[in-house]
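In listed order, ligands and their atoms are each counted from 1.
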Amino acid sequence: MALKQKSRILFLASGRGSNFEALARAIQSGAIRSAEAVALVSNRKEAPALDIARKLGVPTTVLDQTTFRGKSGKFDRESYSLALADTLTAYAPDWVCLAGYMLLLPPEIVHQWTSKIINIHPSLLPLFPGLRAQAQALKAGAKETGCTVHLVSEEMDAGPILEQSRLEIQPNDTEESLTQRLLPLEHQTYIKALDRVCNSGFQIVSGKVVWSSRN
Ligand code: GRF
């Protein structure tokens, strides 16, 4: 029987990189089956995620956003987007995983990689999109929150849902405690979703993910 080709996973991260680390380790240990981590790309040259990648032997590319400046000295989103598009094309990933990537992807990239870009967000989407989702949940008096792994669409923190996990909010939770308690759940949920993505087919039907098989 022919061996299944491993799915090529490229990660985009801007910061700490704990989700990237959990996923890269799960790929290396085989907890995520039939996958290889082909690169970590970061828009910040000082992102701790880069050190984690070097430690794990995952190739890195830095597209330092501070070096993409137009004549006015402002961030030149267009040239940055072109460089990012070229980088993605060069690595030819099957899946692009956002792991704390803090820039909005340009629509051209989202279109080119439709249903191939995955993100994690620390709330039960569609509730509490955007920044500080844990603080939003506390402010709303929510009794539970969680995390969502979803396909990326043009709108921020939207797009078909691949996997969600729930977490009860405790009366004494603060933004910090909730963020800390959510993080291991994020890692587990992202690992589960990526393993499924790499090993089961899915279709998007009326904006929803419909899995075709379960391995
Ligand atoms: C996580 O909370 C993730 O849900 C959000 O950004 C944070 C990234 O954390 N999108 P880390 O860099 O993976 O540790």
Side-chain angles (χ1 to χ4, degrees), residues 9-28 31-32 35 37 39-56 58 60-65 84 95-105 109-110 113 116-140 142 144-169 173-195 197:
I9 316 295
L10 180 142
F11 296 91
L12 282 174
S14 305
R16 179 176 57 181
S18 74
N19 277 283
F20 159 67
E21 179 165 13
L23 290 168
R25 285 191 187 280
I27 288 171
Q28 291 181 349
I32 295 176
L40 172 85
V41 178
S42 183
N43 58 313
R44 287 182 56 229
K45 66 176 187 313
E46 68 281 14
L50 287 165
D51 292 327
I52 298 171
R54 290 178 195 123
K55 201 172 67 193
L56 294 178
V58 177
T60 58
T61 294
V62 178
L63 297 176
D64 179 358
Q65 73 177 85
L84 181 58
W95 303 100
V96 176
C97 289
L98 308 188
Y101 182 66
M102 298 309 285
L103 290 178
L104 257 189
L105 286 176
I109 290 186
V110 175
W113 300 88
K116 294 286 177 195
I117 308 177
I118 304 170
N119 184 39
I120 184 154
H121 183 76
S123 77
L124 294 172
L125 289 173
L127 292 174
F128 315 128
L131 292 175
R132 299 183 62 194
Q134 300 89 339
Q136 292 185 54
L138 288 170
K139 191 165 173 221
E144 63 169 13
T145 186
C147 60
T148 304
V149 179
H150 65 95
L151 296 171
V152 169
S153 61
E154 266 187 57
E155 272 167 87
M156 187 176 59
D157 300 328
I161 291 172
L162 291 162
E163 200 72 57
Q164 281 189 316
S165 301
R166 291 169 188 281
L167 182 73
E168 202 176 314
I169 294 179
D173 259 327
T174 60
E175 180 180 6
E176 198 180 41
S177 68
L178 189 54
T179 302
Q180 260 186 24
R181 292 199 304 114
L182 255 179
L183 207 54
L185 194 65
E186 289 192 31
H187 301 164
Q188 285 166 27
T189 310
Y190 213 163
I191 289 170
K192 186 174 172 195
L194 188 59
D195 179 59
V197 158

Exercise. Compute the shortest N/O to N/O distance between N119 and ligand 1 and return yes if it is under 3.5 Å, no if not.
Key: no
Self-check item: From CD (Q164) to NZ (K192), nearest 0.5 Å
Solution: 11.0 Å
Practice problem: May I ask you to identify the nearest protein heavy atom to atom 12 (O) of ligand 1, giving residue, atom name and distance to one decimal place in Å? | Solution: G17 N, 2.8 Å
Quiz prompt | Atoms of ligand 1 close to N19 [distance to a heavy atom under 4.0 angstrom, numbered from 1] | solution = 1 (C), 9 (O), 11 (P), 13 (O), 14 (O)
Practice problem: Can you pull out the closest protein heavy atom to atom 9 (O) of ligand 1? Residue, atom name and distance to 0.1 Å, please. | Solution: R16 NH2, 3.1 Å
Self-check item: Nearest neighbour in protein (non-hydrogen) for atom 6 (O) of ligand 1
Solution: G100 CA, 3.7 Å
Name every donor-acceptor pair, under 3.5 Å, that has one atom in a side chain of residues 133-140 and the other anywhere in the protein, sequence neighbours excluded.
| residue | atom | partner | partner atom | Å |
| --- | --- | --- | --- | --- |
| Q136 | NE2 | P129 | O | 2.9 |
| Q136 | NE2 | L131 | O | 2.9 |

Exercise. Identify, for atom 3 (C) of ligand 1, the protein heavy atom at the shortest distance, and state residue, atom and that distance.
Key: E186 OE1, 3.2 Å
Quiz item: Does a sphere of radius 6.0 Å around CD in E154 hold more than 12 heavy atoms from other residues, nucleotides or ligands, not counting ones at 6.0 Å or beyond?
Solution: yes
Exercise. Heavy atoms only: give me the nearest Y190-I118 pair and the separation to one decimal.
Key: OH-O, 3.2 Å
Exercise. Quick one: closest heavy-atom pair of V149 and A193, and the distance?
Key: CG1-CB, 3.6 Å
Quiz item: atom 11 (P) of ligand 1: which protein heavy atom is closest, and how many Å away?
Solution: S18 N, 3.4 Å
Taking distance alone, no hydrogens or angles, what donor-acceptor pairs closer than 3.5 Å link side-chain atoms of residues 45-55 to residues at least two apart or in another chain?
| residue | atom | partner | partner atom | Å |
| --- | --- | --- | --- | --- |
| E46 | OE2 | R44 | NE | 3.3 |
| E46 | OE2 | R44 | NH2 | 3.1 |
| D51 | OD1 | R54 | NH1 | 3.1 |

Quiz item: With a 4.0 Å cut-off on heavy atoms, does A13 reach ligand 1?
Solution: no
Quiz item: What residue and atom, counting heavy atoms only, is the protein's closest point to atom 10 (N) of ligand 1, and at what distance?
Solution: I120 O, 2.9 Å
Practice problem: Please name the pair of heavy atoms, one in A13 and one in N43, separated by the smallest distance, quoted to 0.1 Å. | Solution: O-OD1, 3.7 Å
